[in-house]
Participant: 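Structure incoming, see below.
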Number of protein chains: 2
Amino acid sequence: MADDDEITAKRPTIYDLAQIAGTSASAVSSVLNGTWKKRRISARLAERISRIAEEQGYAVNLPARMLRRERSRVIGMIIPKYDNRYFGAIAERFETMARERGLFPVITCTQREPALEVEAAREMMSYQVECLIVTGATDPDRIAELCSAARVRAINLDLPGGRAPSVVSDNFAGALELTRVILSRVRADFGTPAPLYFIGGRAQDNNTRERLRGFTAAHHEAGLAVPEGNCLMRGYSAAKTLSAMAELGIADGSGVFVNSTIALEGVVRWLHDQPIPPELRFGCFDWDPFAVFLPQNVGMMQQDVAAMLSTAFQLIESPPEGVPTIRIPCRFRPRP
Amino acid sequence: MADDDEITAKRPTIYDLAQIAGTSASAVSSVLNGTWKKRRISARLAERISRIAEEQGYAVNLPARMLRRERSRVIGMIIPKYDNRYFGAIAERFETMARERGLFPVITCTQREPALEVEAAREMMSYQVECLIVTGATDPDRIAELCSAARVRAINLDLPGGRAPSVVSDNFAGALELTRVILSRVRADFGTPAPLYFIGGRAQDNNTRERLRGFTAAHHEAGLAVPEGNCLMRGYSAAKTLSAMAELGIADGSGVFVNSTIALEGVVRWLHDQPIPPELRFGCFDWDPFAVFLPQNVGMMQQDVAAMLSTAFQLIESPPEGVPTIRIPCRFRPRP
DNA sequence: AATCTACGCTCCACCGATTGAGCATCCAAG
DNA sequence: CTTGGATGCTCAATCGGTGGAGCGTAGATT
């Protein structure tokens, strides 16, 4: 409340409060953590201690509490990047849901570097996390191993692994639907039923493989074969995608399946770099509120972040048998 | 390295390692935290302890370490949202820079709710942060007060305050330049030197006021007055901006200054909702890699996140006299 | 031979909060 | 007057890591 400078040189502890209140540290502790009824502290004393704590601007020393308690109530998340809407939404939703459950969320971002992923996982162990959500990790099994050695439950999000339960989007179904839409729009607008291009991601990465499967299946439905050369997977980088686009020799009337918003940045930049931008149609796996309005976009496949995280927290709260991979449907958002 | 199940029921402590190595906990501690030379532990023993720690998958218990050490080496950041590029970039850069300095970054996001801001600040005190970067807070002075009571250095980022050093963009200069560009493009494309609209933000908020000042100054330069009704500041919400747009009766040939990417979402949605979208030109304060390609966009004013955070860390490392507000220039990014 | 110094290590108090065990006090029942 | 129970509180051990103080031994110096 009021300023009380020069009295407290450091932040007050329960011992300081106990001295001021003329009581014991254990009474103060139990009042401030809510166990005072169980410990038969009178309401009068509880009241007084609370008031003094307020006046002194007391804040519990979490490290000390965590050291003593057997449960830390800390839940960790490692995530590749903050700077796109998908991962941003995941981080935000994770924080909210953790707090709703009385847990302390700790997030760390690994810049998509495998070495940093492992380091981040170790750091999470040091924080004494009870559970770790591993998002979009290149090697989730490596991390799951670290976790199981430390008796920490791990959940894979976005990218599946073989040693911990996973929650992922239904990449196959999403890619199937998105490819169908792009194909039919290309047919409607240009009349040519040509096979589409597939741009972005990494061929080894599970999500990319699943999406490529959906992409191929939609082509087969339409009686089309996908030429090898149509698929360019140079990783998650706008710059690499941009330089790759030049090789394809994309002509008017083409259709493009873009495998992430980061790849889409490359595609869009390439388009605008062309002296005469080709007339084409594209669709993208992942949604972005601005990209969805871009002229040649037919629509975007939005992953259901809320459902994915609800499922992840359910898996944490009631650990499943075995190592399931749960697939969450995506939602197609056409260009408005 | 190898699995060593069923041996360790819990994560090992320095005492466990000491027992295995046949030495004392303090030797183990000093080896693992690097002070072993100072403490005259032999290289041979240090080697052996390191190997055993590795084998056992030891990870230091950070809460215990933090409790003991007088410095926690934790640095906190509170931030309104993760889900836009500006704040996403800030969070990411903050993490990187903190780690480069051997600090542990802890970020929490407050959903732009004043009550959550204060709660988040309290939580940061509980984590024993040594320093707190307060980003885009609605009431930075309230938080600065909490911090000074707990002897925690605070720095305001993005939104300035009166009780802690602040690092902000040069909103006036940025808005001046952006307004000039929009005005000249409107003139070039439509011939009509009409005053622009100003959309988004809150009238009480410092950044919005500064930008409005730049906006007005650019109009005066051009011999134009800004009619009151041209400025609509309904907060940081796409939905509110969208509904506000309807009131303005924007006609062909207009120019719009959009005060944030979140407001831009509303503007763009409004445009696409119109049966016949008006021909207009807009510019936006804040950059987004997709929005920058939208057809009627003349360009975006990008805040220099790296410079802002470098400055913030400098202020942390060498605390300044008084309570300065440092302004960082922005960079205009035209539509490619 | 006695003293000194460097070396290599261990002992133990401590950080702040938590919690099982235990100690008075008081009122009621036997 | 004693026993029993409830009430209201305090004591002290503990969590894991840290670091100042100190101890025994070996080799060097006087």
Side-chain angles (χ1 to χ4, degrees), chain A residues 8-49 53 56-74 104 125-130 150-151, chain B residues 8-49 53 56-74 104 125-128 130 150:
Chain A
T8 31
K10 307 188 141 284
R11 44 241 285 181
T13 71
I14 52 170
Y15 298 96
D16 300 323
L17 300 187
Q19 186 143 34
I20 296 172
T23 180
S24 71
S26 63
V28 173
S29 171
S30 64
V31 168
L32 296 178
N33 68 32
T35 58
W36 58 279
K37 288 201 170 171
K38 233 179 296 258
R39 289 180 68 81
R40 298 186 313 212
I41 302 295
S42 67
R44 227 172 61 83
L45 180 56
E47 187 88 12
R48 196 150 54 87
I49 289 174
Q56 299 293 318
Y58 174 81
V60 69
N61 184 322
L62 264 186
R65 166 177 288 179
M66 281 168 56
L67 176 58
R68 186 60 236 271
R69 292 225 234 251
E70 86 291 17
R71 293 195 57 192
S72 70
R73 308 206 126 268
V74 175
F104 296 96
M125 305 296 112
S126 288
Y127 275 120
Q128 307 299 107
V129 296
E130 292 177 8
R151 311 275 167 226
Chain B
T8 31
K10 307 185 141 287
R11 44 240 284 179
T13 71
I14 52 169
Y15 297 95
D16 300 323
L17 301 187
Q19 187 142 33
I20 296 173
T23 181
S24 70
S26 63
V28 174
S29 171
S30 64
V31 168
L32 297 177
N33 68 31
T35 58
W36 59 279
K37 288 200 173 172
K38 232 180 298 259
R39 290 178 68 81
R40 298 186 311 211
I41 301 295
S42 66
R44 227 174 60 83
L45 180 56
E47 186 88 9
R48 195 151 54 86
I49 289 175
Q56 300 293 317
Y58 174 80
V60 69
N61 183 322
L62 263 186
R65 167 177 288 177
M66 282 168 57
L67 176 59
R68 187 60 237 271
R69 292 225 233 251
E70 85 291 16
R71 290 195 59 193
S72 70
R73 309 204 125 271
V74 175
F104 296 96
M125 305 296 112
S126 287
Y127 274 119
Q128 308 298 108
E130 292 177 8

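Chain A is the first sequence line, chain B the second, and so forth, proteins listed ahead of strands; every chain is numbered from 1.
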Participant: Any salt bridge between B/R71 and B/E130, counting N to O under 4.0 Å?
Facilitator: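 A salt bridge is present here (some side-chain N lies under 4.0 Å from a carboxylate O).
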Participant: Write down the distance between CG (A/N61) and P (D/dG16), rounded to a whole number of angstrom.
Facilitator: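 Nearest whole value for this atom pair: 16 Å.
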Participant: What's A/L32 touching, base or sugar-phosphate or nothing? Going by heavy atoms closer than 4.0 Å.
Facilitator: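 Here A/L32 touches no strand at all.
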Participant: How many whole angstroms separate atom CG of B/L45 from atom P of C/dC9?
Facilitator: 5 Å
Participant: What are the two closest non-hydrogen atoms of A/P63 and B/L67, and how far apart are they?
Facilitator: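 The pair with the smallest heavy-atom distance is CB-N, 4.4 Å.
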Participant: Atom CG of A/L67 and atom P of C/dC14: how far apart are they, to the nearest Å?
Facilitator: 17 Å
Participant: Find the distance B/L17:CG to D/dG17:C1' and express it as a whole number of Å.
Facilitator: 12 Å
Participant: For a quick test of reading the model, state the closest non-hydrogen atom pair linking A/R11 to A/D16 and the distance between them.
Facilitator: O-OD2, 4.2 Å
Participant: Would you please confirm or rule out a distance under 4.0 Å between OP1 or OP2 of C/dT18 and any side-chain N or O of A/N33?
Facilitator: yes
Participant: Check whether any side-chain nitrogen or oxygen of B/S24 sits under 4.0 Å from OP1 or OP2 of C/dC9, and answer yes or no.
Facilitator: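 For B/S24, the contact criterion (side-chain N or O under 4.0 Å from OP1 or OP2 of C/dC9) is not met.
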Participant: Do any side-chain nitrogens or oxygens of A/Y58 fall under 4.0 Å of OP1 or OP2 in C/dA17?
Facilitator: yes
Participant: Does the side chain of A/R65 get closer than 4.0 angstrom to OP1 or OP2 of C/dT18 through an N or O atom?
Facilitator: yes
Participant: Using whole Å, what does the distance between atom P of nucleotide D/dC9 and atom NZ of A/K37 come to?
Facilitator: 14 Å
Participant: Looking at A/S72 and A/Q128, would you say the former's side chain and the latter's main chain have a donor-acceptor pair under 3.5 Å?
Facilitator: yes
Participant: Rounded to the nearest Å, what distance is computed from the CD1 atom of residue B/I14 to the P atom of nucleotide D/dC15?
Facilitator: 12 Å
Participant: Does B/T35 reach the main-chain N or O of B/K38 with its side chain, forming a donor-acceptor pair under 3.5 Å?
Facilitator: no
Participant: For A/S126 versus B/V60, what's the shortest heavy-atom pair and its separation?
Facilitator: OG-O, 3.1 Å
Participant: Rounded to the nearest angstrom, tell me the gap between atom CZ in A/R68 and atom P in D/dG16.
Facilitator: 10 Å
Participant: I want to check one thing: is the phosphate of D/dG16, taken as OP1 and OP2, less than 4.0 Å away from some side-chain N or O of B/S29?
Facilitator: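 B/S29 to D/dG16 OP1/OP2: no side-chain N or O under 4.0 Å.
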Participant: Grab the two heavy atoms, one from B/W36 and one from B/A43, that are nearest each other, plus how far apart they are.
Facilitator: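 Shortest heavy-atom separation between B/W36 and B/A43 comes out as CZ3-CA, 3.8 Å.
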Participant: Counting side-chain heavy atoms from CB outward, which of D/dT10, C/dA17, C/dC15 is closest to A/A27?
Facilitator: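 Closest nucleotide among those given: D/dT10.
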Participant: Where along nucleotides 20-27 of chain D does protein come under 4.0 Å, by heavy atom, of base (B) or sugar-phosphate alone (S), with - for untouched nucleotides?
Facilitator: BB------
Participant: Nearest whole angstrom, please: distance from the C1' of C/dC15 to the CG of B/L62.
Facilitator: 15 Å
Participant: Consider the side chain of B/R69, meaning its heavy atoms from C-beta on, and name the nucleotide among C/dC15, D/dT10, D/dG19 that approaches it most closely.
Facilitator: D/dG19
Participant: What nucleotide among C/dT10, D/dC9, D/dG17 has an atom nearest to a side-chain atom of A/I41?
Facilitator: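 The listed nucleotide nearest to A/I41's side chain is D/dC9.
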Participant: Measure across B/V28 and B/T23 and return the closest heavy-atom pair with its distance rounded to 0.1 Å.
Facilitator: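 Closest approach of B/V28 to B/T23, heavy atoms only: CG2-CG2, 4.0 Å.
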Participant: Can you work out whether B/T23 or B/A64 has the more 5'-proximal nearest nucleotide on DNA chain C?
Facilitator: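 Per heavy-atom nearest nucleotide, the more 5' residue is B/T23.
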